[in-house]
Number of protein chains: 2
Amino acid sequence: MSEIQDKYELILASSRKLIEEIGFSALTMDKVAQKAGIAKGTVYLYFKDKDDLLEKVLSSGFEKMFERIKIRVGNENGAFNKLQSLINENIRHIYENRYFFKTIFLDEVNVVFLKKKSKESYNLRRKRYTDYIADIIKSGIESGEFRKDINNSKTAYMLVALIKTGAIYNFLNGMFDLTSEMIEKDTEEILNLFMRGISVK
Amino acid sequence: MSEIQDKYELILASSRKLIEEIGFSALTMDKVAQKAGIAKGTVYLYFKDKDDLLEKVLSSGFEKMFERIKIRVGNENGAFNKLQSLINENIRHIYENRYFFKTIFLDEVNVVFLKKKSKESYNLRRKRYTDYIADIIKSGIESGEFRKDINNSKTAYMLVALIKTGAIYNFLNGMFDLTSEMIEKDTEEILNLFMRGISVK
DNA sequence: TATTATAATGACTTAATAGTCATATTTCAA
DNA sequence: TTGAAATATGACTATTAAGTCATTATAATA
């Protein structure tokens, strides 16, 4: 990896750490530079502006997660098994980056700070993920595993919301360091709710 | 209603309209004053600071919704029926204030802008609502309507997430003006998913 | 080594906006 | 009618932080 790439990654990593420590809204380019141990002007050699930097911070994590999920889900057969793996891998990713997601989910849930262009990138990423899930659900409907009367696209959004909400609930209750068994339990909990609902019969 | 209260409400309403038009992040005290047709200093006679104003904007809507829901749910018997009414009333409230929630849900999903104190109020409001729902779920577990192996508190958070996500999905697809029938359909969709899941059997 | 190209610096400029306060206007009771 | 209290005003101050760019340092090359 070249020196240039190293500095690029250094700035990204420093921004990430800072966001975990102080949140998005308190992040300034001065602080990023200080954290990275470089001058502010240097940050602007690698990122167009603050919006660009934040965009890259958000997207880099997402791409890593999505790759992991696709590999693992690709090894599974059947829509149910695919969704189980997807949920499990998504939860794992959240807990491996728990302090970052704590900020994203609890402290500043959102993308206020992003300008129009970066917001569009953000929405496109989300759509890529939900489309991927919607395809799995569709295959499950076609194979007879899932009900025919559900909207696969909307239901994909619902599943993502459930995964996220499970993490938010744990974070709100101070549960940050989940053991492997706890992650399995959380996976089952969400899978159960998503598959069977809360009703008894 | 006194003149003072009228001006207080005027500022609140103007802020609300502005948020619908330009979003939270672009909201300035100058714009609020201009929208209300008063001087900026006057805004500070009725609200301690910007944070206080935003806090009041958010809380006033929530209290109205919560009151409505409690009245309607109070008339129902059985946990299932109570949840059905709650979902329906919550969805109604979202669509009656659709442009405000569009901003909240899509454009700036969150509360970045709130300082610590107001963020706590926000979290407390959310907790009051989820606690209320958790109690209904608990009663459903005790009555045998719902499964015994679910965490009533966590599941309450899940339900709120599903309601919110349903609205987000519609907003993302440009569906803002829902007819009464569409609201009923959305209610059934969420109730179905929450009660039965997506599985066939 | 000398020269050019590339990378880095950080003081400075600029812009935005929250909050203040001396002054002006309005209200209302005596 | 009058003057004191309550309201309202908006120009002004103070702060914060993004982005720039002339200058300096480092690396590459001949």
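Values in this document were obtained by computation on a predicted structure and should not be read as measured data. Chain letters run A, B, ... following the sequence lines, proteins first and then strands; every chain starts at 1.
- When the ring-ring contact (aromatic ring centres under 6.0 Å, His included) test is applied to A:Tyr99, the partners found at least two apart in sequence or on another chain are A:Phe176.
- Note: CE (B:Met29) to P (C:dG19) measures 6 Å, nearest angstrom.
- In this structure, the ring of B:Tyr8 has its center no less than 6.0 angstrom from the ring center of B:Tyr46.
- Note on A:Glu181 versus A:Lys185: no salt bridge recorded, every NZ/NE/NH1/NH2 to OD/OE distance being 4.0 Å or above.
- Atom-to-atom, OH of B:Tyr46 to P of D:dA6 comes out at 13 Å; the value is rounded to the nearest Å.
- A:Lys31 places its NZ atom 9 Å from the P atom of D:dA18, with the value rounded to the nearest Å.
- Remark: C1' of C:dA16 and CD of B:Gln34 are 16 Å apart, rounded to the nearest angstrom.
- Looking only at atom types and distance, the side chain of B:Tyr95 has no donor-acceptor partner in the side chain of B:Asp177 under 3.5 Å away.
- In this entry the distance linking CG of B:Leu27 with P of C:dT17 reads 10 Å, nearest Å.
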Where do N or O atoms of nucleotides 9-12 of chain D meet protein N or O atoms at under 3.5 Å, pair by pair?
| unit_1 | atom_1 | unit_2 | atom_2 | d |
| --- | --- | --- | --- | --- |
| D:dT9 | OP2 | B:Ala39 | N | 2.9 |
| D:dT9 | OP2 | B:Thr42 | OG1 | 2.6 |
| D:dG10 | N7 | B:Gly41 | N | 3.4 |

- prompt: What's the verdict on salt bridge (charged side-chain N to carboxylate O under 4.0 Å, His left out) for A:Glu21 and A:Lys17, showing C-alpha distance, side-chain angles and the deciding distance?
  reply: CA-CA 6 Å; A:Glu21 289 166 15; A:Lys17 265 183 228 141; over 6 Å; no
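- Atom P of nucleotide C:dG19 and atom CG of B:Leu54 are separated by 10 Å, given to the nearest angstrom.
- The separation between B:Leu53 atom CG and C:dT17 atom C1' is 15 Å, rounded to whole Å.
- In this structure, CG of B:Leu10 is placed 14 Å from C1' of D:dT7, rounded to the nearest angstrom.
- Residues meeting the side chain to side chain contact (heavy atoms under 4.5 Å, CB included) test with B:Lys82, sequence neighbours left out: B:Val73, B:Glu76, B:Ile136.
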